[in-house]
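Here the structure comes first, spelled out in structure tokens, and everything after it is commentary.
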Amino acid sequence: MVRKADVVIIGAGPAGLAAGLYTARLGLETIILEKSALGGQVSVAPFIENYPGFVRISGEELAKRFIEHAKIMGAEIKGGEPAEKLELSGDVKKVITPRNTYEADAIIIATGASRQKLNVPGEKEFEGRGVSYCAVCDGAFFKGKTVAVVGGGNTAVTEALHLAQLVKKLYVIHRRDDFRAEIALKERLLSYSNVTPLWNTIVEAIEGDNVVRRLKLRDLKSNKTYYLEVDGVFVAIGMIPNSKIASEAGVAVDEKGFIIVNRRQETNIRGVFAAGDVTGGVMQVGVAVGEGIIAAMSAFEHVTGGWYAKKKVLKAVKIDFSKLGEETKEPRETLFKFKL
Ligand code: NDP
């Protein structure tokens with residue numbers, strides 16, 4: 001089926017949902033496509049303490065708020081619908097999914113980034129059988145057990161902080177002698193008595209039978225290898241951009257595959273914008289939201305020709321506030337302090 005919209009946004013993480021709430025509220029018919037779970041990477045973050053306005057909130061809760069907000073403002077969110085191919089050369093941009101072809105005047109690519117793999121023997125084989133990339137999703141399976149986290153950035157330490165509260169023993173394996181993660185997270189993690197960092201160490205193989213049993217490690221200082229018995233391993237060694245369909249359609253990417261944008265979030269193709277982790281740089285929820293908003297405003301100008309140009313007659317936006325609280329299950333009274 002062919003569906004037409006003013007803007008199609010690919011990806012329902014913070015960048016895509018922020019963009020969608022803006023374009024919908026500005027009166028553009030907006031469709032957001034998401035291949036897997038709504039909310040993106042943030043929805044599996046154990047906690048977030050640096051998104052302004054929320055001293056501490058779970059990633060899942062923040063994601064629900066983003067989803068609800070975009071929906072209430074009128075964005076149509078279509079989950080489980082992966083964009084498989086883009087045709088971007090003409091004025092009408094096309095997004096092809098297994099079910100539909102979407103045609104739009106503007107496209108916002110907010111496909112995010114995925115976890116970098118270790119690429120060591122056993123990693124692929126034991127994925128889902130002791131190898132995980134998500135502590136919130138899989139941590140509960142390792143309650144009272146011995147696990148390792150690999151990595152030294154904010155993701156590794158945040159995941160480790162979640163796991164430290166569940167497991168008996170946690171090793172954090174890092175190839176340097178200090179974490180790259182923020183000091184606030186790092187010090188909190190090292191205060192747990194069940195956490196042991198293994199500095200200057202890399203994983204060379206993941207071994208087991210039907211599940212993970214041990215890691216083959218190399219101490220980079222002594223250059224010796226040894227085995228560490230574990231029940232599971234969580235890999236958190238950085239992100240790679242989900243930019244393949246965009247680059248295949250002619251969107252320019254840098255040497256690491258991140259989409260190249262200017263300050264208006266414009267790509268090299270007119271009418272095609274990108275926002276969030278897929279553009280690289282500082283990967284923070286607040287940044288993704290900000291870029292999503294800029295992309296939305298740029299898309300609005302592209303579609304309408306600007307506030308007074310009237311290139312396109314927009315429909316009056318009907319915001320359905322009665323849906324407020326549906327997603328977050330929060331009583332409407334606590335969200336609504338004044339009469340509309
Ligand atoms: P980062 O790129 O920040 O860190 C990756 C870590 O993995 C580094 O310590 C790196 O080591 C290590 N590493 C990379 N490749 C390998 C490898 N092949 N073998 C072993 N170790 C390896 O990625 P993150 O996923 O931690 O974070 C991504 C972005 O998201 C960052 O910008 C981060 O700040 C942000 N983020 C922010 C959060 C927050 O603000 N609360 C929470 C989570 C993420 P080395 O240091 O030696 O390069």
Side-chain angles (χ1 to χ4, degrees), residues 13-15 39-63 110-124 131-137 139 148-164 171-190 197-206 215-221 225 228 233-243 254-258 275-291:
Q41 285 278 329
V42 70
S43 60
V44 293
F47 60 87
I48 290 158
E49 293 177 340
N50 52 9
Y51 187 70
F54 296 89
V55 174
R56 189 179 171 93
I57 186 165
S58 77
E60 186 187 5
E61 179 67 21
L62 187 59
T111 41
S114 301
R115 288 290 180 87
Q116 172 76 51
K117 306 268 164 145
L118 265 174
N119 294 322
V120 296
E123 182 181 28
K124 207 168 173 193
V131 174
S132 172
Y133 301 86
C134 175
V136 165
C137 322
V149 169
V150 188
N154 279 332
T155 305
V157 176
T158 306
E159 302 258 291
L161 275 165
H162 177 72
L163 291 167
Y171 295 97
V172 186
I173 300 166
H174 185 35
R175 62 187 182 183
R176 292 179 196 264
D177 62 2
D178 192 11
F179 292 130
R180 163 202 292 237
E182 293 160 6
I183 197 151
L185 298 170
K186 179 164 99 172
E187 291 197 341
R188 217 181 302 164
L189 179 68
L190 295 176
L198 297 177
W199 305 120
N200 302 303
T201 303
I202 57 166
V203 178
E204 288 200 336
I206 300 169
L215 302 176
K216 185 180 178 196
L217 303 180
R218 180 176 294 276
D219 182 321
L220 295 174
K221 285 226 153 138
T225 59
L228 180 75
V233 56
F234 289 78
V235 180
I237 59 164
M239 310 296 290
I240 44 168
N242 300 322
S243 57
D254 68 14
E255 70 286 353
K256 288 187 175 159
F258 291 102
D277 287 357
V278 75
T279 67
V282 178
M283 291 188 186
Q284 294 285 310
V285 182
V287 173
V289 165
E291 288 188 2

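We count ligands from 1, going down the list as the structure has it; atoms in each ligand are counted the same way. Being a predicted model, the structure only gives us computed values, none of them experimental. By convention here, the first residue in the shown sequence is residue 1.
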| Using a heavy-atom cut-off of under 4.0 Å, does the side chain or the backbone of Asn50 touch ligand 1, or both, or neither? | side chain
| CD1-CG distance between Ile57 and Asn50, expressed to the nearest 0.5 angstrom | 12.0 Å
| Is Thr155 close to ligand 1, meaning an N/O of one under 3.5 Å from an N/O of the other? | yes
| field | Region of His174 that comes within reach of ligand 1 [heavy atoms, distance under 4.0 Å] | value | side chain
| Nearest protein heavy-atom contact for atom 28 (C) of ligand 1: which residue, which atom, what distance? | Met239 CG, 4.0 Å
| field | Glu182 and Arg188 ion-paired at < 4.0 Å | value | no
| Separation between CE of Met283 and OG1 of Thr155, rounded to the nearest 0.5 Å | 9.0 Å
| With a cut-off of 6.0 Å (strictly less than), are more than 12 heavy atoms of other residues, nucleotides or ligands near CD of Glu123? | yes
| In the protein, which heavy atom is nearest to atom 14 (C) of ligand 1, and how far is it? | Ile237 O, 3.2 Å
| query | Any sub-3.5 Å donor-acceptor pair from Thr201's side-chain atoms to Arg175's backbone N or O? | reply | no
| message | Residue-level breakdown please: for Gln116 versus ligand 1, do any non-hydrogen atoms fall below 4.0 Å on the side chain, on the backbone, on both, or on neither? | response | neither
| remark: Atoms of ligand 1 under 4.0 Å from any heavy atom of Glu182, numbered from 1 in the order shown, are 40 (O)
| task | Would you mind telling me if ligand 1 is within reach of the side chain of Arg176, the backbone, both or neither, using heavy atoms under 4.0 Å? | result | side chain
| request: May I ask you to decide if Val235's main-chain N or O and Arg115's side chain share a donor-acceptor pair within less than 3.5 Å? | output: yes
| task | Give the residue and atom name of whichever protein heavy atom lies nearest to atom 11 (O) of ligand 1, and the separation in Å to one decimal. | result | Arg175 NE, 3.2 Å
| query | In the protein, which heavy atom is nearest to atom 38 (C) of ligand 1, and how far is it? | reply | Asn154 CB, 3.7 Å
| Does an N or O anywhere in Gly152 fall below 3.5 Å from an N or O of ligand 1? | yes
| request: Provide, to 0.1 Å, the distance between atom 37 (C) of ligand 1 and the closest protein heavy atom, together with that atom's residue and name. | output: Gln284 NE2, 3.2 Å
| task | Could you tell me the residue and atom name of the protein heavy atom closest to atom 23 (O) of ligand 1, and the distance to it rounded to 0.1 Å? | result | Gly238 CA, 3.3 Å
| note | CZ (Phe234) and CG (Leu163) are apart, to the nearest 0.5 Å, by 4.5 Å
| query | Could you state the interatomic distance from CD1 (Ile48) to CD (Glu61), rounded to the nearest 0.5 Å? | reply | 11.0 Å
| Proximity winner for atom 35 (C) of ligand 1, if only heavy atoms of Arg180, Glu159, Met283 are counted | Met283
| message | Is the terminal nitrogen or CZ of Arg56 (NZ for Lys, CZ for Arg) located under 6.0 angstrom from the six-membered ring centre of Phe47 and within 45° of that ring's axis? | response | yes
